[in-house]
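One-based numbering along the sequence shown. Heavy-atom basis, side chains included; hydrogens, waters and symmetry copies ignored. Just so it is clear, the model here is predicted, and its values are computed rather than measured.
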Amino acid sequence: MRKYEKNIKLLEEAVKTDAVIRPVAKHRKEDGRLDIEGNLKLWNEALEPFEKTKLWENGTPGYDDRDPLQPEPYFVFIPAPENQKSRGTILIAHGGGFTWRTGAEGINVAWYFHNAGFHTAILCYRLAPYTRFDAIADMQRAIRILRSKKEEWNLGEKLAVMGFSAGGMLSGNCATHFEDGDPENPDPIERFSSRPDAAVIGYGAMTAVSFPKPFGMRQEDPMMGNGIQEKMYLSIEKHVDYNTPPMFIWQTMSDDGRTGMCLAKALQDAEVPYELHIFTPGVHGLGMADGKNDLGMNIPHIAHWGELCREWLMDLGF
């Protein structure tokens with residue numbers, strides 16, 4: 001556990017120096033294409049000094065060298081403050097359309113919730129040319145690992161997934177597609193459940209079927225599913241049932257309030273506890289909405305979501 005203590009200071013320094021923030025004006029190359037290479041290099045350099053936990057110690061299933069800028073998936077664990085060791089854990093997934101990493105939605109969010117008293121873990125999941133199903137497998141594996149480390153790392157009982165944009169979609173998928181642990185599995189990690197105790201979804205495109213083109217995404221985008229069978233599987237609201245964990249959903253009107261409302265309706269129908277906040281101002285990609293984001297936007301009204309979420313998690317026993 002002691003080796004992860006250094007991650008606290010490294011996280012503080014990364015936030016202080018805006019290590020993973022890349023202003024929107026620098027997102028594209030001169031020819032107009034997204035600078036994915038520059039984005040991934042920025043993330044890799046910023047995360048390089050952190051103590052990491054690989055999701056599969058003996059090699060990630062389906063991983064190869066198709067993208068040299070994507071290491072094997074891992075997470076960075078940030079222990080809770082010393083006087084809060086019994087608190088719950090939040091596994092945080094950045095956004096980026098499953099093509100790149102919006103760093104402020106990982107590092108800056110982890111720092112906020114660390115200071116709010118929680119254990120946090122920043123997930124580095126697989127992006128295109130891997131599939132969304134690979135990303136789901138990565139988050140499910142991270143959940144199992146964190147559950148397996150409860151005693152060793154002195155974690156609290158509760159574990160939440162939290163994501164933004166693509167990471168919010170990923171969190172919703174893992175809150176509706178999960179398995180109990182297999183006690184007979186030769187891999188001890190797979191003996192633990194992949195069900196989170198709560199999900200926090202920031203401006204994710206919940207559905208590919210309930211209405212067309214969530215916040216402008218192309219319906220033929222493979223990350224939304226190839227064919228109706230995959231689209232149905234990846235549409236979060238279609239898989240809510242009585243065993244779905246509680247959800248905290250927030251977004252702005254710019255992302256189409258129906259993305260949150262369609263999921264909230266499914267949760268209400270299944271009598272699953274939820275909280276829904278649709279803010280009038282703001283745009284996609286705000287993170288903590290405190291100015292520390294690629295947009296440079298500081299919107300105090302929307303920034304309240306962090307405190308609202310902290311209170312919500314505490315009420316759930318985190």
Side-chain angles (χ1 to χ4, degrees), residues 7 9-50 67-71 76 78 92-115 120 122-128 135 162-170 200-205 214-218 221 223 250-256 279-306:
N7 285 346
K9 192 65 181 176
L10 288 168
L11 184 65
E12 180 180 19
E13 185 64 20
V15 170
K16 187 181 300 182
T17 60
D18 293 339
V20 292
I21 291 178
R22 197 178 199 200
V24 171
K26 297 183 179 180
H27 281 197
R28 296 186 179 273
K29 300 178 179 181
E30 289 185 2
D31 62 7
R33 290 179 299 142
L34 281 172
D35 184 13
I36 295 173
E37 179 180 355
N39 170 270
L40 297 184
K41 284 182 177 178
L42 181 69
W43 173 279
N44 291 345
E45 290 169 4
L47 275 291
E48 195 279 328
F50 286 82
D67 184 351
L69 288 174
Q70 289 197 55
V76 170
I78 313 294
I92 301 166
H94 63 76
F98 296 103
T99 60
W100 77 0
R101 310 192 191 280
T102 306
E105 294 167 347
I107 282 181
N108 294 70
V109 172
W111 182 239
Y112 178 91
F113 283 95
H114 165 80
N115 287 309
T120 59
I122 304 165
L123 179 64
C124 183
Y125 57 91
R126 280 172 285 180
L127 310 172
M162 175 184 292
F164 304 83
S165 190
M169 296 153 67
L170 181 59
V200 178
I201 301 176
Y203 45 85
F215 55 79
M217 293 187 74
R218 295 177 295 111
D221 189 325
M223 290 303 179
W250 78 271
Q251 63 170 106
T252 68
M253 282 187 66
S254 70
D255 276 334
D256 191 333
F279 295 96
T280 304
V283 295
H284 190 78
L286 289 171
M288 296 308 306
D290 59 355
K292 293 284 188 174
N293 50 62
D294 287 7
L295 301 164
M297 287 190 174
N298 179 8
I299 308 178
H301 176 59
I302 299 176
H304 288 311
W305 84 262

Can you give me the closest heavy-atom contact between [X] and [Y], atom names plus distance?
X: Ala104; Y: Asn293; value: CB-CA, 4.0 Å
X: Glu37; Y: Leu69; value: CG-CD1, 3.5 Å
X: Trp43; Y: Cys124; value: NE1-SG, 3.6 Å
X: Ile302; Y: Pro281; value: CD1-O, 3.3 Å
X: Ser165; Y: Gly95; value: CB-CA, 4.1 Å
X: Thr99; Y: Ile36; value: O-CG2, 3.5 Å

Q.
Does Leu286 form a side chain to side chain contact (heavy atoms under 4.5 Å, CB included) with Leu295? I'd like the steps, not just the answer.
A. CA-CA 7 Å; Leu286 289 171; Leu295 301 164; 4.1 Å; yes

Q) salt bridge (charged side-chain N to carboxylate O under 4.0 Å, His left out): which pairs involve residues 11-21, sequence neighbours left out? A)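 Qualifying pairs, neighbours excluded: Lys9-Glu12, Asp18-Lys292.
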
Are the side chain of [X] and the backbone of [Y] linked by a donor-acceptor contact shorter than 3.5 Å?
X: Gln251; Y: His284; value: no
X: Asp35; Y: Lys29; value: no
X: Asn44; Y: Leu40; value: yes
X: Tyr125; Y: His94; value: yes
X: Glu105; Y: Gly287; value: no
X: Asp294; Y: Pro23; value: no

Rounded to the nearest 0.5 Å, what's the gap from [atom1] on [X] to [atom2] on [Y]? Could you check?
X: Ile107; Y: Ile92; atom1: CD1; atom2: CD1; answer: 10.5 Å
X: Leu10; Y: Asn7; atom1: CG; atom2: CG; answer: 6.0 Å
X: Ile299; Y: Asp290; atom1: CD1; atom2: CG; answer: 10.5 Å
X: Thr102; Y: Asn108; atom1: OG1; atom2: CG; answer: 11.5 Å

Q | Those residues that, when tested against His27, pass ring pair (Phe, Tyr, Trp, His ring centres under 6.0 Å) (two or more places apart) | A |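 With sequence neighbours excluded, His27 shows a ring pair (Phe, Tyr, Trp, His ring centres under 6.0 Å) to Trp100, given in chain and number order.
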
Q. Name the one of Asn115, Val109, Ile78, Val76 that satisfies side chain to side chain contact (heavy atoms under 4.5 Å, CB included) with Thr120?
A.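 Passing option: Ile78.
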
Q.
So Phe164 and Ile201, do their side chains get closer than 4.5 Å, heavy atoms only?
A.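 Side-chain contact under 4.5 Å: no.
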
Q) Would a 4.5 Å heavy-atom cut-off, applied to side chains only, mark Leu42 and Asn39 as touching? A)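 Not touching, per the 4.5 Å side-chain cut-off.
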
Q | Ion pair Arg126/Asp67, N-O distance below 4.0 Å | A |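 The answer is no: the pair does not qualify as a salt bridge.
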
Q) Do NZ/NE/NH1/NH2 and the carboxylate oxygens of Asp31 and Arg33 come within less than 4.0 Å? A)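 Salt bridge between Asp31 and Arg33, a charged N being under 4.0 Å from a carboxylate O: yes.
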
Q: Give me the ring orientation class for Trp250 and Trp305: parallel if the planes are under 30° apart, tilted from 30 to 60°, perpendicular past 60°.
A: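 Geometry flag for Trp305 against Trp250: parallel rings.
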
Q: Fit a plane to each ring of Phe279 and His301, take the angle between them on a 0 to 90° scale, and name the class: parallel (under 30°), tilted (30 to 60°) or perpendicular (over 60°).
A: perpendicular

